[in-house]
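The chains referred to below are lettered A, B, ... by the order of the sequence lines, with proteins before strands, and numbering in each begins at 1. This one's a predicted model, so the numbers in the text were calculated from it and none came from an experiment.
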Amino acid sequence: MRGHRAAGGVVASAYGVGVTLTAPAHHATAAAVVPAVALEAHDDGYRLTPLADDGAADGTAERVPAAALPERVAGLEAAGVRWVWDTAAVYPALLAAGVRVERAHDVRLARAILRGTTVPLPAYANLPRDGWDEPSADPADGLFALDRAAADVSAADEHRRQQQVVAASPRPGALRLLLRAESAGALAAAEMSAAGLPWRADEHERILAGLLGPRVPSGQRPEALEVLVAHIREALGAPRLNPDSPVELVRALRAAGLTVETTRSSELRRLEHPVIEPLLSYKKLSRLHTANGWHWLDTWVADGRFRPDYVVGGVATGRWATRGGGALQLPKQVRGAVVADPGWRLVVADAAQLEPRVLAGLARDRSMAEAGRGRDLYDGIVATGAVADRSAAKYGMLGALYGATQGAGGRLVPRLAARFPQALGLVEQAARAGERGAVVGTLLGRGSGSPSDAWRAAQAAASDLDASDAVVRRARSLSREHGRFTRNFVVQGTAAEWALCWLADLRRRLWALGAGRLAERPHLVYFLHDEVLVHTPEHLVDEAAEAVREAAAAAGRLLFGDFPVDFPLDVAVVERYSDAT
DNA sequence: CCCAAAGGCCAC
DNA sequence: AAACGTGGCCTTTGGG
């Protein structure tokens with residue numbers, strides 16, 4: 001096993017792959033000297049608890065009726081306060097009342113991170129489960145989750161405990177940064193839901209009518225799909241075929257003499273037959289109709305806004321998930337409906353080749369960082385002579401990040417490994433750790449979690465001398481599968497940390513650009529892993545675009561210090577989302 | 001009637 | 001192009 005050398009020292013497996021023993025100095029952030037106030041539901045209203053510097057409640061808790069909360073919070077906020085709370089449970093109501101806050105510590109999200117971190121936290125190891133381990137409040141459930149948490153341990157007490165275990169840990173700087181970024185992300189998520197993504201229902205209707213025909217009642221096939229179904233049935237000689245049924249469809253394809261294993265478009269595309277073209281068109285349009293058609297529009301768009309419900313930290317790697325509306329899978333087909341308000345513009349920015357760049361920083365691979373300096377990273381890899389063209393560089397890198405063994409991607413990985421041993425070695429090491437069942441960590445210490453009991457049982461069964469071939473094969477397959485997960489985890493998870501830092505810095509910069517309420521200033525309206533949309537008054541587009549770039553550079557410095565890895569953005573200022581590349 | 005798995009496809 | 005990571009959500013299908 002090749003050690004991963006970094007500024008701080010050599011990696012130790014107990015700390016997770018890619019994590020240095022001594023925290024790099026640039027993670028040693030100074031604690032903000034801002035008074036903290038814990039806020040949580042209490043009886044019919046809320047309880048506000050001022051916290052001393054050491055996190056202890058100072059004994060002057062205040063009870064505030066729900067109706068009076070926004071005004072009280074706004075008053076304290078004006079004086080400068082860090083809120084200690086469950087953002088998803090409390091902040092939406094404040095935003096609805098027009099109150100935006102600058103800083104928060106999300107006790108529930110912090111609990112989840114500290115539960116799973118690869119940084120040793122002895123004092124947290126045997127903590128019994130309580131309400132803070134429960135998932136975020138579903139908006140439909142009101143304050144139920146918050147009440148549950150409050151019944152166990154107060155936000156003030158849990159916050160104090162979190163501060164103490166972090167301070168006593170070997171990597172307080174990294175963990176503080178991670179918790180700050182996660183908490184700021186929670187603020188940004190609530191703010192984006194409140195502001196909503198500008199969505200023109202009339203434009204969406206126009207797109208649907210152009211592709212599907214006139215609107216039809218739900219449960220009915222639009223005209224364009226009816227026509228395609230007729231062609232498909234005719235071409236297959238199957239007058240009653242339902243093309244939405246994979247079972248019926250594969251049977252009909254075989255009856256027509258086509259050798260198919262599945263009905264996947266990628267498989268069908270390789271075949272020559274009159275049914276293929278109408279069938280592929282049908283699949284594409286049927287997907288649009290069912291996933292983002294009129295029903296979706298009626299359900300998810302109101303008052304010219306689509307309001308996704310983001311689930312911060314909803315993915316094991318630290319990426320966000322969403323609940324309802326499929327907000328992270330908006331097909332390119334309908335992005336023409338995302339249109340800035342009159343007099344406003346959209347700044348669309350995405351981080352170019354984010355994951356390989358993050359890997360370069362994580363592994364402190366100077367060759368890979370150099371390949372991406374001031375240019376497209378994949379072009380830079382081609383320039384080293386490692387591979388023939390950009391496409392090979394891209395699929396080879398993605399193959400390395402995903403654990404490809406077959407196909408073009410898999411074949412290219414060894415060439416990249418020879419050229420960039422540091423970077424490729426790190427993901428390889430993460431994969432080996434995962435195959436053994438070890439926990440790996442991101443740069444800031446988010447942990448990948450232990451494999452399930454079933455996984456361990458399968459490995460144990462395979463180690464038995466009498467184990468059958470099938471049992472051994474199954475265990476190896478599960479082992480490699482988990483290795484692919486941990487391989488990807490270290491990179492995807494650290495990329496998510498970069499994106500959180502970007503978002504956190506950006507929301508503050510945007511706020512400072514304007515005046516008035518959140519929706520009157522340049523503000524975030526959408527976030528998609530490595531991409532943001534900012535809605536901004538036209539006269540501030542240049543400042544907003546600059547803020548997006550400066551925030552990206554700041555995120556790079558925050559995570560990687562002076563290690564020379566670039567995080568360039570593709571930035572477009574447009575009226576319509578579909579006009580950005 | 002509800003529910004979960006399977007097949008499929010959308011995003012990164 | 002393929003099938004190699006993270007997800008959500010749609011329809012079909014088959015079970016209770």
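Residue-environment remark: NE2 (A/His295) stays at or below the threshold of 12 foreign heavy atoms within 6.0 Å. Within 6.0 Å of CD on A/Glu267 lie more than 12 heavy atoms contributed by other residues, nucleotides or ligands. By the 6.0 Å contact criterion, CZ on A/Arg474 is open, its count of non-hydrogen atoms from other residues, nucleotides or ligands being 12 or less. Other residues, nucleotides and ligands contribute more than 12 heavy atoms inside 6.0 Å of the CZ atom of A/Arg375. Heavy atoms of other residues, nucleotides or ligands lying less than 6.0 angstrom from CG of A/Asp453 number 12 at most.
Across all strands, A/Gly410 comes closer than 4.0 Å to no nucleic acid atom at all (heavy-atom distances). Contact annotation for A/Ala321: backbone-only contact, meaning every heavy-atom pair under 4.0 Å involves sugar-phosphate atoms and none involves a base. Among the heavy atoms of the strands lying under 4.0 Å from A/Arg270 are primed sugar atoms or P, OP1, OP2 only; no base atom is included. Looking at heavy-atom distances under 4.0 Å, A/Asn242 makes contact with sugar-phosphate atoms alone, never a base. Counting non-hydrogen atoms under 4.0 angstrom, A/Phe489 reaches nothing in the nucleic acid. Among the heavy atoms of the strands, none lies under 4.0 Å from A/Gly314. Contacts of A/Ala316 with the nucleic acid, taken as non-hydrogen atoms under 4.0 Å apart, involve only primed sugar atoms and P, OP1 or OP2. When heavy atoms are screened at a 4.0 angstrom cut-off, A/Gly409 is found touching no nucleic acid atom at all.
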- Query: Quick one: what's the B/S/- string for nucleotides 1-12 of chain B, heavy-atom cutoff under 4.0 Å, read 5' to 3'?
  - Reply: ------SBBBSB

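Map A/Ala408 and A/Phe485 each onto its nearest nucleotide of DNA chain C; the residue landing nearer the 5' end is A/Ala408. In terms of position on DNA chain C, the residue among A/Val315 and A/Trp300 whose nearest nucleotide sits closer to the 5' end is A/Val315.
Using a 4.0 Å cut-off between a side-chain N of Lys or Arg and a carboxylate O of Asp or Glu, A/Arg319 and A/Glu355 qualify as a salt bridge. A salt bridge does not link A/Arg357 to A/Asp566: none of the charged side-chain nitrogens sits closer than 4.0 Å to a carboxylate oxygen. We find that A/Lys394 and A/Asp376 are not joined by a salt bridge, their nearest charged nitrogen and carboxylate oxygen being 4.0 Å or further apart. A salt bridge does not link A/Glu134 to A/Arg108: none of the charged nitrogens lies less than 4.0 Å from a carboxylate oxygen. Ion pairing between A/Glu248 and A/Arg251 fails under the 4.0 Å rule for side-chain N and carboxylate O.
The footprint of chain A on DNA chain C, defined by a heavy-atom cutoff below 4.0 Å, extends from C/dA1 to C/dT13.
A distance of 10.5 Å separates CD of A/Glu550 from CG of A/Leu506, quoted to the nearest 0.5 Å.
Residues from residues 194-213 of chain A lying near DNA chain B, meaning a heavy-atom separation below 4.0 Å, are absent.
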